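Everything numeric in this text was worked out from a predicted model, so none of it was measured. First listed ligand is number 1; within each ligand, the first listed atom is number 1.
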Amino acid sequence: MNLKIIEYPDKRLRVKSEEVKVFDKKLHDLLDAMNKIMIDTNGIGLAAIQVAQPVRVLVLNIPEEDGEQPPENLLEIINPVISDKSGTFIYNEGCLSVPTFYEDIERAEFLTLHFQDRDGNTKTLEVEGMLSIAIQHEMDHLEGKLFIDKLSPSRRRKFEKEYKRMLKKRK
Ligand code: CO
């Protein structure tokens, strides 16, 4: 499976992703390809819509203190639902689909998360800190939302200018 990360302002990033109902080899191939592309691009999380697949699938691998992302830390999350949120946590977020831009974003510190694994088994996880932030960021992608939507109007305008300049330079 050869996947490519799509980038803002690609309109496909605004599509709402569909629930996964079939847990077959096609899903496993997608998960494997997403994991590879996430690690290859030094990402900590990736939603399927970022590789133009509009399904409710996420992969995450939060780096250790030494920056390593061992395969055993890989978390595959399908059809996630949050049942409880608390606290606040501010983190300087970035996104593989919004390259070169980072901004402090406030989200919940603690989450109770329900999801399915690659075989369709249901799981519940209590998460906190950076993993909690990353899951909320990736779940926003499933609704067609991006972290830049959370910027104040003036900050957003500044971002749009900087981003256009970056895209031009990169060509
Ligand atoms: Co993102």
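The side-chain heavy atoms of E93 and K150, taken from C-beta on, include no pair separated by under 4.5 Å.
For the residue pair T88 and E106, no side-chain donor N or O sits within less than 3.5 Å of a side-chain acceptor on the partner.
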Mind running side-chain contact (heavy atoms from CB on, under 4.5 Å) on F23 and I78 for me, showing each step along the way?
-> CA-CA 10 Å; F23 296 78; I78 296 151; 3.8 Å; yes
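Residues passing the side-chain hydrogen bond (donor to acceptor under 3.5 Å, both in side chains) test with N2, sequence neighbours excluded: none.
Two rings, from Y163 and F101, have their centers 6.0 Å or more apart.
Around the Co ion (ligand 1), the protein contributes the following N, O or S atoms under 2.8 Å, ordered by chain and number: C95 SG, H137 NE2, H141 NE2.
By the 4.0 Å N-to-carboxylate-O rule, R170 lies close enough to E7 to be salt-bridged with it.
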